[in-house]
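Counting starts at 1 for both ligands and their atoms, in listed order.
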Amino acid sequence: MKNQSNMKPTRLTDSFGRVIQDLRISVTDRCNFRCFYCMPKEAMEWQPKAEILSYEEIIRLTEVFVELGITKLRVTGGEPMLRRDLETLIARLGALDQVEDLAMTTNANFLSGRAKGLREAGLKRITISLDSLTPDRFALLTGRKNFSEVLAGIDAAIEAGLSPVKVNCVVIRHINEDQVINFAEFAREKGVHVRFIEFMPLDNGKVWRRDMVVPGDELREMIHQRYPLDRVQSGNASETARRWRFADGTPGEIGFINPVTQPFCGHCSRIRLTADGMIRTCLFSAVEHNIKALLRSGASRDELIGFIVATVNQKEDRHHINDPEFIQPLRTMSCIGG
Ligand code: SAM
Ligand code: SF4
Ligand code: SF4
């Protein structure tokens, strides 16, 4: 973006000194799956189309974020691949100067025929959500029978070179913890990075209970007994996953994202832009910051910069899941943009 004024952009730093470099852009609140830990089975009320940011608006805002030092972009949702012509948005985001990383999180239902095109458009990496390796359990978790489509999507992503392909698995006590070894074998067979995520209280059905959370360390011990693991030191403090490789040298990786038992808020570098144009400074924010209203009122670049800097300054120090007074946010993961 051309500098439209002399206002020198500041590097985005919050009031705790954390540098914000990572923007998650939700492009829709809609989804074709109904993962029970995210959306309710009943019909969801979607945001009216007029409330959803257009691609022009997303690009305009992202240009300003990038000027402020954002280097990592992740497109998410809802299900981002439901948004029409997503490849066009990916190409425009990828063409922004200073964007070092452009990734997407998807349920992979529509990926098999589009992975190559997304890679060609400029997508660098992909994270695919998959919580079970058997069709029946997959249906139980997602409310859908599209297991084979998702597997085909993973293969297509590998084939397209969207590497490393990451597979996110939310583990829930008594529901899918018994498949953890199968997932480790899947990582070894496919050479993908499987990352186990602790269940967070961001579900629409308000079914979360602490005893449903399976600590990542417990899973790591289970896998280590069968397939010894060695720690991978990435040197990137803001990385959410603790990473391990197979000690026998087999490709593939195992990661643990433990926001409940081992919070990593102290190194958080993330902010989120929701599909309806709100900035969220934390997954668990109680307030949202309406940048869409400012944008649609014809704000200048300097005004947008001022708004973003002031918003980031209000970023929460941490989540309060483990505090007795914890209150679950009103909006769920599918609306926030996971
Ligand atoms: N629909 C896409 C997908 O599922 O990959 C992208 C959006 S989804 C909200 C992003 C990620 O959030 C997924 O990997 C999903 O597993 C995770 N997620 C959703 N609800 C969660 C919860 N309550 N706790 C932990 N992770 C959750
Ligand atoms: Fe949809 Fe993703 Fe939420 Fe599952 S986790 S319901 S695929 S938005
Ligand atoms: Fe960052 Fe909030 Fe997640 Fe903590 S809970 S890592 S502060 S987004």
Give me the atom names and distance for the closest heavy-atom approach of Gly122 to Ile90. C-CG2, 4.1 Å
Sphere of radius 2.8 Å around atom 2 (Fe) of ligand 3 - protein N, O or S atoms inside: Cys282 SG
Asn290 side chain to Met278 main-chain N or O, any donor-acceptor pair under 3.5 Å? no
I need the nearest protein heavy-atom contact for atom 26 (N) of ligand 1: residue, atom name and distance, please. Val170 CG2, 3.6 Å
Main-chain N/O of Val260 paired to Asn322 side chain as donor or acceptor, under 3.5 Å: yes
No-hydrogen, no-angle side-chain donor-acceptor test under 3.5 Å, Asn32 and Asn107: yes
Heavy-atom neighbours of His267 NE2 exceed 12 at 6.0 Å: no
Element-labelled atoms of ligand 1 that are located less than 4.0 Å from some non-hydrogen atom of Asn168: 14 (O)
For the atom pair CD (Gln21) and OG (Ser238), what is the distance rounded to the nearest 0.5 Å? 6.5 Å
What protein heavy atom sits nearest atom 2 (Fe) of ligand 2, and how far away is it? Cys31 SG, 4.4 Å
N/O to N/O below 3.5 Å, does that happen between Thr106 and ligand 1? yes
Ligand 3 atoms in contact with Phe264 (distance to a heavy atom under 4.0 Å): 6 (S)
Kindly indicate, with the supporting measurements, whether the criterion side chain to side chain contact (heavy atoms under 4.5 Å, CB included) is fulfilled by Met81 and Met104. CA-CA 9 Å; Met81 294 194 70; Met104 177 169 78; 3.8 Å; yes
Part of Thr105 with heavy atoms under 4.0 Å of ligand 1, whether side chain, backbone, both or neither: both
For Asn107, take its heavy atoms, then give the atoms of ligand 1 lying under 4.0 Å from any of them. 2 (C), 3 (C), 5 (O)
Any donor-acceptor pair under 3.5 Å from Asn176 side chain to Ile172 backbone: yes
of all protein heavy atoms, closest to atom 19 (C) of ligand 1 is Met333 CG, 3.2 Å
Any idea which atoms of ligand 2 are less than 4.0 Å away from a heavy-atom of Asn107? 7 (S)
Atom 1 (Fe) of ligand 2 contact by Cys38, N, O or S atom under 2.8 Å: no
Which one of Cys35, Pro259, Gly77 has a non-hydrogen atom at the shortest distance from atom 8 (S) of ligand 1? Gly77
Can you find an N or O of Ser129 that's nearer than 3.5 Å to an N or O of ligand 1? yes
So does Gly17 get a backbone contact from the side chain of Thr13, meaning a donor-acceptor N/O pair under 3.5 Å? no
In terms of side-chain heavy atoms, does Asn109 have a donor or acceptor partner in Arg144 at a distance below 3.5 Å? no
At a 4.0 Å threshold, what atoms of ligand 1 neighbour a non-hydrogen atom of Glu198? 25 (C)
Please check this pair: side chain of Lys116 against backbone of Glu159, looking for a donor-acceptor N/O pair closer than 3.5 Å. no
Geometry only, no angles: is Tyr37 polar-contacting ligand 1 at N/O separations under 3.5 Å? yes
Nearest non-hydrogen protein atom, atom 4 (Fe) of ligand 2: Cys35 SG, 2.3 Å
With sequence neighbours excluded, residues passing salt bridge (Lys or Arg N to Asp or Glu O under 4.0 Å) with Asp136: none
Which protein non-hydrogen atom lies closest to atom 24 (N) of ligand 1, naming both residue and atom, and how far is it? Met200 N, 3.0 Å
With heavy atoms of Thr76 as the reference, note each atom of ligand 1 found under 4.0 Å away. 6 (C), 7 (C)
Is there a nitrogen or oxygen of Cys31 sitting under 3.5 Å from a nitrogen or oxygen of ligand 1? no
Is there a polar contact between ligand 1 and Glu79, counting only N or O atoms under 3.5 Å apart? yes
If you round to the nearest 0.5 Å, how far is CG of Asp97 from CD of Glu63? 9.5 Å
For the side chain of Ser285 and the backbone of Glu288, is there at least one donor-acceptor N/O pair under 3.5 Å apart? no
Within less than 4.0 angstrom of ligand 1, does Gly78 place any heavy atom? yes
Donor-acceptor contact present, side-chain Glu79 to main-chain Phe33, <3.5 Å: no
For the 3.5 Å polar cut-off, considering only N or O atoms, please tell me whether Pro80 and ligand 1 meet it. no
Both conditions, 6.0 Å and 45 degrees, for the charged tip of Arg92 above the ring of Tyr55: are they met here? no
